[in-house]
Amino acid sequence: MAVEIHNDSPLPLVWARDELDSGGWTAPWYPSRASPISPGVTAEWRAEGDLTVVPTTGTEGRVWYNVGGDPGRQLYVHFNSPLIEPKYGNTFHVWAPPGFQVAYSGGQGHEGRLVIRFRESARRQVPGFTPSVNGFQFSNRWKSGLPAMTVGFLWNRLLDELGEAAASVLAIARVDDGWLPFTQASAGMCGGMTFGAMDYFAAGKLPPADTTAPDSEAHPLFQFIRGRLLDSFDITGSGHRWLGYSSPHYPNGDEGVIQVTGLARGRAWVTYRDEWPRIRDDIDAGRLSPIGLIQTDSLDIGRNHQVLAYAYQQSGQVVQLWVYDNNYPRQDNLHLQFDITDTAGEVHVQRLGPYRVGEPRIFCIFRTDGYTPRTPPDGRPLPPAAPAPMPTPTPVPTEMPPADVIKALDKMGVDFSVDEAALSAWLANPLFTPYPAISRALLLQGWSFKAPIFLDVIVWNYENIPGMTSPRRAEDVNLDILRAAILEGWNVRYGTHVTDFRQLLRNG
C-alpha cells in the first residue's frame with residue numbers, strides 16, 4: 001500500500017507516531033521520514049506484507065500527523081491491505097481535525113495507492129449557481145391528472161436492470177405497469193426539475209420566471225420536465241439503485257449476510273464512502289451534482305426525492321451540503337448535514353435551514369448518473385456581466401505582496417476556490433510552495449482569459465503531470481505544461497473539450 005499526501009493547507013504536517021499491525025514499512029518510504037510535510041508539498045510512504053518464499057501477510061497500519069506541530073490537532077490515516085481480500089478489498093480511514101478537511105481517491109477495493117488531499121475547511125461551491133436565481137421559481141407541486149408516467153412502469157424497468165438474483169434477495173417483485181399514476185400531486189416530478197435546472201445552467205440561461213407550475217400537458221415546459229424526469233432515473237444504467245436501496249432487506253451498516261456474500265454494501269458505506277466523494281469531486285471541479293435521497297425502506301419509491309447539490313463545507317468528519325430543493329423554490333440556505341466517521345450503523349442526516357417540520361427520514365444519499373445536457377425551452381438570458389478589466393501589463397514587479405498578486409491575477413481572469421487566507425499564506429511562501437512561481441509566470445505572459453480559471457486548480461494540474469517538478473522560480477515554470485494545466489482546469493470547470501489554448505484568450 002502506498003499513501004500519497006498533498007498538503008494544501010498553510011500549516012506543516014509533523015509526524016507524531018505510527019504503528020503496524022502486520023507487514024512492514026518499505027524502505028526508504030517511512031512515514032517518519034516524510035515529515036514535516038510543508039505547505040504545498042507532496043509526501044509519500046509505503047508498507048508491504050511479510051514475505052518468505054511467498055507472501056505470508058498483508059499490511060495494516062496507522063499514522064498520525066500533528067497539524068502545525070499541535071498534538072491537539074491530528075491527521076489520522078489507517079490503511080488495511082490484507083493478504084486475502086475480504087468483502088471490500090483494501091480499505092482505509094482518513095480523519096482530519098475540525099477546521100480542516102481531507103479528500104481522497106484510490107486505496108479501496110483492488111487499488112493499492114491512496115491519494116490524500118489535506119486542506120483548510122471552507123465553503124466550496126459551483127461558481128455562478130444560486131437556487132433563488134438559477135432554480136425554477138415554482139414549487140414541485142403539479143395539477144393532478146397530468147399523464148407523465150406510472151410508478152408501475154418505472155418500477156418494472158428498474159427491476160429489469162437490477163437483475164433476478166438481487167431482486168430475490170431484496171424481496172422485490174414485479175407489479176402492473178399501470179400501477180399508481182406518477183403525476184399525483186403528492187408524487188411530483190423532482191427528478192425532471194433537477195435535471196431541468198442543470199440544463200438551463202449549462203445553457204447559460206435562467207429558467208422561466210413563472211411562479212406556478214405548468215398545468216397543461218401541451219405546455220412545452222411540462223413536456224420537457226416530464227422527459228427529464230424519466231431521464232433522471234437512468235433506467236438502463238444504475239437507476240436500479242432506487243429500488244435496491246428502498247428495500248426493507250437492504251442493510252444499513254457493514255455487518256450482515258448480504259455484505260459478507262458481496263451482494264451489497266450497507267447504506268452508510270454507500271453514502272459516506274462511495275457517493276459523498278463523488279458529490280464532493282463534482283463541486284470541487286465546478287460541476288453541479290444531482291443527488292437522490294432515499295426516504296423509504298418499504299419500497300414506496302414515490303416517497304424518494306431528487307435535489308441538486310451545489311456547495312459544501314467539511315470540517316473534520318462533519319459535512320454540510322447545500323442543495324437546490326425543488327420543493328422549496330427561491331431558498332438559498334437549505335443544506336444537509338451528516339458525519340462520515342462511521343459506516344457501521346444507519347445514515348444520520350439533519351436537514352438545516354428553512355425546511356418544514358415533518359420531512360421524511362433520509363436512509364441513503366447517492367449521486368444520480370446518466371445526466372447529459374439538453375436544450376431547455378424558453379430560457380431567460382443571464383444578467384449582463386461586467387466587462388473584464390484589461391490585464392496588468394508587463395513588466396511585473398519582482399516581489400509583490402500576496403494581496404497585490406491576487407488582485408493582479410483577478411484582472412487577467414485567474415481566481416481561486418480555496419480560502420483566501422490559505423492562498424495568501426502560500427503566495428508568501430516561495431520556499432515551500434509553487435504558488436509564487438506559477439503566479440509570477442502567469443502574470444509575465446500578459447494573458448487575458450474569457451472566463452475565470454482557478455489558480456489552485458492550475459497549480460494542482462501542473463504538479464500532477466508526470467515528470468514535473470514543483471517550481472520555485474518563475475523561470476523554472478514550463479510554459480507548455482502551464483498551458484496544458486490551464487486547458488485542463490478550463491475544460492473541467494466549464495464542461496468543454498477545448499484543445500487550442502488560444503481559444504481561452506480574449507485576444508486569441
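In this chain, residues are counted from 1 in sequence order. Source: prediction; values computed, not measured.
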**OP:** Answer yes or no: is there a donor N or O on one side and an acceptor on the other, between the side chain of Asp456 and the main chain of Ser417, under 3.5 Å?
**Re:** yes
Original post:
Centre of Tyr104's six-membered ring, under 6.0 Å away, within 45 degrees of the axis: is that where NZ or CZ of Arg280 sits?
Top reply: yes
Subject >> Minimum heavy-atom distance between Pro127 and Phe201, given as atom pair plus value >> reply: O-CZ, 3.6 Å
Original post:
Is the backbone of Val14 close enough, under 3.5 Å, to the side chain of Asn66 for a donor and an acceptor to pair up by distance?
Top reply: no
Original post:
Would you say the side-chain atoms of Ser289 and Arg287 include a donor-acceptor pair closer than 3.5 Å?
Top reply: no
**OP:** Decide if the gap between the ring center of Tyr312 and the ring center of Trp276 is smaller than 6.0 angstrom.
**Re:** yes
**OP:** State the OG-CG distance between Ser81 and Leu114, to the nearest 0.5 angstrom.
**Re:** 11.0 Å
Subject >> Under 3.5 Å: donor-acceptor pair, side chain of Thr59, backbone of Ser22 >> reply: yes
**OP:** Looking only at non-hydrogen atoms, find the nearest pair between Val41 and Ile37 and report the distance.
**Re:** O-CG2, 3.5 Å
Original post:
Using the ring of each side chain (for Trp, its six-membered ring), is Trp95 parallel, tilted or perpendicular to His93, with breaks at 30° and 60°?
Top reply: perpendicular
Original post:
If you round to the nearest 0.5 Å, how far is CH2 of Trp64 from CD of Gln74?
Top reply: 8.0 Å
Original post:
If we ignore angles and hydrogens, is there a donor and acceptor under 3.5 Å between the side chains of Arg124 and Gln101?
Top reply: yes
**OP:** Report the distance from atom OG1 of Thr343 to atom CG of Asn252, rounding to the nearest 0.5 Å.
**Re:** 11.5 Å
Original post:
Side-chain contact, heavy-atom cut-off 4.5 Å: Pro452 with Arg493?
Top reply: yes
**OP:** Indicate yes or no for a side-chain donor-acceptor contact from Ser38 to the backbone of Pro12 under 3.5 Å, with no hydrogens or angles considered.
**Re:** no
Subject >> Heavy-atom closest pair, residues Ala34 and Trp45 >> reply: CB-CD1, 4.2 Å
Subject >> Phe92 six-ring face occupied by Arg273 cation (under 6.0 Å, within 45°) >> reply: yes
Original post:
Where the side chain of Ser9 meets the backbone of Leu11, is there a donor-acceptor pair that is under 3.5 Å apart?
Top reply: yes
Original post:
Of all heavy-atom pairs between Cys190 and Gln306, which one has the smallest distance, and what is that distance?
Top reply: SG-N, 3.3 Å
Original post:
Which heavy atom in Ala2 sits nearest to a heavy atom in Arg46, and how many Å separate them?
Top reply: CB-CG, 3.8 Å
**OP:** Find the distance between OG1 (Thr42) and CD (Glu463) and round it off to the nearest 0.5 Å.
**Re:** 6.0 Å
Original post:
What orientation do Phe100 and Phe118 show, parallel under 30°, tilted 30 to 60°, or perpendicular over 60°?
Top reply: parallel
Subject >> Donor-acceptor contact below 3.5 Å, side chain Thr368 vs main chain Pro290 >> reply: yes
Subject >> Tyr371 and Asp199: side chain donor to acceptor below 3.5 Å >> reply: yes
Original post:
Going by distance alone, is a donor N or O of one side chain under 3.5 Å from an acceptor N or O of the other, for Thr130 and Asp332?
Top reply: no
Original post:
If every non-hydrogen atom of Leu482 is compared with every non-hydrogen atom of Ala441, which pair is closest and at what distance?
Top reply: CD2-CB, 4.4 Å
Subject >> Chi angles and distances behind the side-chain contact (heavy atoms from CB on, under 4.5 Å) call for Val414, Trp447 >> reply: CA-CA 10 Å; Val414 177; Trp447 293 325; over 6 Å; no
Original post:
Does NZ or CZ of Arg33 lie under 6.0 Å from the centre of the six-membered ring of Trp25, at an angle within 45° of the ring axis?
Top reply: no
Original post:
What distance separates Leu288 CG from Ile279 CD1, expressed to the nearest 0.5 Å?
Top reply: 12.5 Å
**OP:** Could you check if a side-chain atom of Trp460 sits within less than 4.5 angstrom of a side-chain atom of Phe454, using non-hydrogen atoms only?
**Re:** no
Original post:
Are the side chain of His6 and the backbone of Glu4 linked by a donor-acceptor contact shorter than 3.5 Å?
Top reply: no
**OP:** First locate atom NE2 of His335, then atom CG of Leu352, and finally report the distance between them rounded to the nearest 0.5 Å.
**Re:** 4.0 Å
Original post:
Hey, are Asn326 and Thr194 close enough side-chain-wise for a donor-acceptor pair under 3.5 Å?
Top reply: yes
**OP:** Please confirm whether the backbone N or O of Gln331 pairs with a side-chain atom of Ser132, one donor and one acceptor, at under 3.5 Å?
**Re:** no
**OP:** Over 60° means perpendicular and under 30° means parallel, so classify the ring planes of Phe501 and Phe449, tilted if in between.
**Re:** perpendicular
Subject >> Donor-acceptor contact present, side-chain Tyr355 to main-chain Tyr328, <3.5 Å >> reply: no
**OP:** I would like to know whether Ser470 and Arg472 meet side chain to side chain donor-acceptor pair (under 3.5 Å); could you show each step before the answer?
**Re:** CA-CA 7 Å; Ser470 184; Arg472 294 297 179 265; 2.6 Å; yes
